[in-house]
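Reckoned from all heavy atoms, side chains included, excluding hydrogens, waters and symmetry mates. These figures come from a predicted structure and were not determined experimentally.
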Protein chains: 2
Amino acid sequence: MANYSSSDSSALNRAFHALGDATRRGVLAQLALGEAPVSKLAEPYDMALPTFLQHLKVLEAGGLVSSRKKGRVRLCRLEAARLAELKNWITQYEQAWSARLDRLDDFLNENDPNKDT
Amino acid sequence: MANYSSSDSSALNRAFHALGDATRRGVLAQLALGEAPVSKLAEPYDMALPTFLQHLKVLEAGGLVSSRKKGRVRLCRLEAARLAELKNWITQYEQAWSARLDRLDDFLNENDPNKDT
DNA sequence: GAGATAGATAGCTGTATGGCTAACTATTCT
DNA sequence: AGAATAGTTAGCCATACAGCTATCTATCTC
């Protein structure tokens, strides 16, 4: 069985890691409604600005958010394409599983007198 | 604007966090092919068993994998339903974004003489 | 140009995460 | 019963992460 090299998968690491935090998911929720400046994004959260900026950096590192400076304001936007990629990644395994003929195994396990579940 | 309470979102935290590691994603890839015992799942990885078990725990904590003991062997299986949930979570924002009338904004930004991208 | 505003950077801290070894439990095999 | 197999638990260590304050830069507004 192969080696599952983790060399080029760091992009996925960063993307999923970015999603693993409620604050960051909240930011995505806001951005789904449209572009927004940092200060407006930070508003709902009870944390210091530098802390919030770190979260934004994590989101950008994961490719989920991009931003550009407009004067002294930084405008952020959702990278929907990246979300789509992650969605597809998930779908791949979800469907591989569903496509399996484990339906039969399922049936057998469900009716196995030795089962303890 | 609301508060984005992070109280009940810890399930999503755990699930996405579980996906943020190449080893754990590799395990999902294996499980997509069908149920497998711990030792077989651990085989491709160059790490001590206890370390690998931790990864499995993270996957279970995230609801992505379930397991049951069959004698001294622990059989693991993919929780495709959970993957589907995550997929749906992502889709929600991806589509909210796409549905936006930001298409117009996009056009304006693309043709903005002040842009620096 | 002075002051306010928006964000960025540096540096510190506690906790979580990922890795290990050593030692232990529970099954199965002979 | 005794040895081998498959996990499990406990405990240690280094690094990464999320939070903070204090300070600094850049850009508007008067």
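His55(A) has its NE2 atom 16 Å from the C1' atom of dG7(C), to the nearest Å. Atom CG in Leu53(A) sits about 9 Å away from atom P in dT9(C), given to the nearest Å. Atom CG of Leu56(B) is separated from atom P of dT8(D) by 9 Å (rounded to the nearest Å). To the nearest angstrom, P of dA16(D) lies 22 Å from CZ of Phe16(A). Between the CG atom of Asn13(B) and the C1' atom of dC17(D) there is a distance of 13 Å, given to the nearest Å. In this structure, the CZ atom of Arg68(B) is 19 Å from the C1' atom of dT8(D), given to the nearest Å. Atoms CZ (Phe52(B)) and P (dA6(D)) sit 14 Å apart, rounded to a whole Å. A straight line from NZ of Lys70(A) to C1' of dG7(C) spans 17 Å, rounded to a whole angstrom.
Using a 4.5 Å cut-off on side-chain heavy atoms (C-beta onward), Arg25(B) and Leu12(A) make contact. With a 4.5 Å cut-off on side-chain heavy atoms, Lys87(B) and Glu94(A) count as touching. You'll find the side chain of Leu31(A) reaches within 4.5 Å of the side chain of Cys76(A), heavy atoms only. Between Leu19(B) and Leu28(B) the shortest side-chain heavy-atom distance falls below 4.5 Å.
For dA18(D), the OP1/OP2 oxygens have a side-chain nitrogen or oxygen of Arg24(A) closer than 4.0 Å. Between His17(A) and dA18(D) there is a side-chain polar atom (N or O) within less than 4.0 angstrom of OP1 or OP2. Within the structure, a side-chain polar atom (N or O) of Thr51(A) is placed less than 4.0 Å from OP1 or OP2 of dC20(D). The side chain of Arg74(A) places an N or O atom within less than 4.0 Å of a non-bridging phosphate oxygen (OP1 or OP2) of dA8(C).
Heavy-atom minimum distance, Ser67(B) versus Glu60(B): OG-OE2, 2.8 Å. Taking each heavy atom of Leu78(B) and Tyr93(A) in turn, the nearest pair found is CD2-O, 3.9 Å.
Within the 4.0 angstrom heavy-atom criterion, only backbone atoms of the sugar-phosphate kind lie near Ser39(A); the bases stay farther away.
Looking at the side chain of Val38(B), the nearest of the listed nucleotides dC20(D), dG7(D), dT9(D) is dG7(D). Side-chain proximity of Pro50(B) to dG7(C), dG7(D), dT9(D): nearest is dT9(D). Listed nucleotides: dT9(C), dA4(C), dG18(C). Nearest to the side chain of Arg72(A): dA4(C). Residue Lys69(A) has its side chain nearest to dG7(C) when only dA10(D), dG7(C), dT5(D) are considered.
Comment: Lys40(A) does not engage Glu43(A) in a salt bridge, judged by the lack of any side-chain N to carboxylate O separation of less than 4.0 angstrom. Under 4.0 Å is where a charged nitrogen must lie from a carboxylate oxygen, and between Glu35(A) and Lys70(A) no such pair does.
Comparing Ala48(A) and Gly71(A) against DNA chain D, the residue whose closest nucleotide sits nearer the 5' end is Ala48(A). Residue Leu75(B) is the one, among Gln54(B) and Leu75(B), whose nearest nucleotide of DNA chain D lies closer to the 5' end (criterion: closest heavy atom).
An angle of 30°, rounded to 10°, separates the two end axes of the helix from dG1(C)-dC30(D) to dT30(C)-dA1(D), each defined over five pairs.
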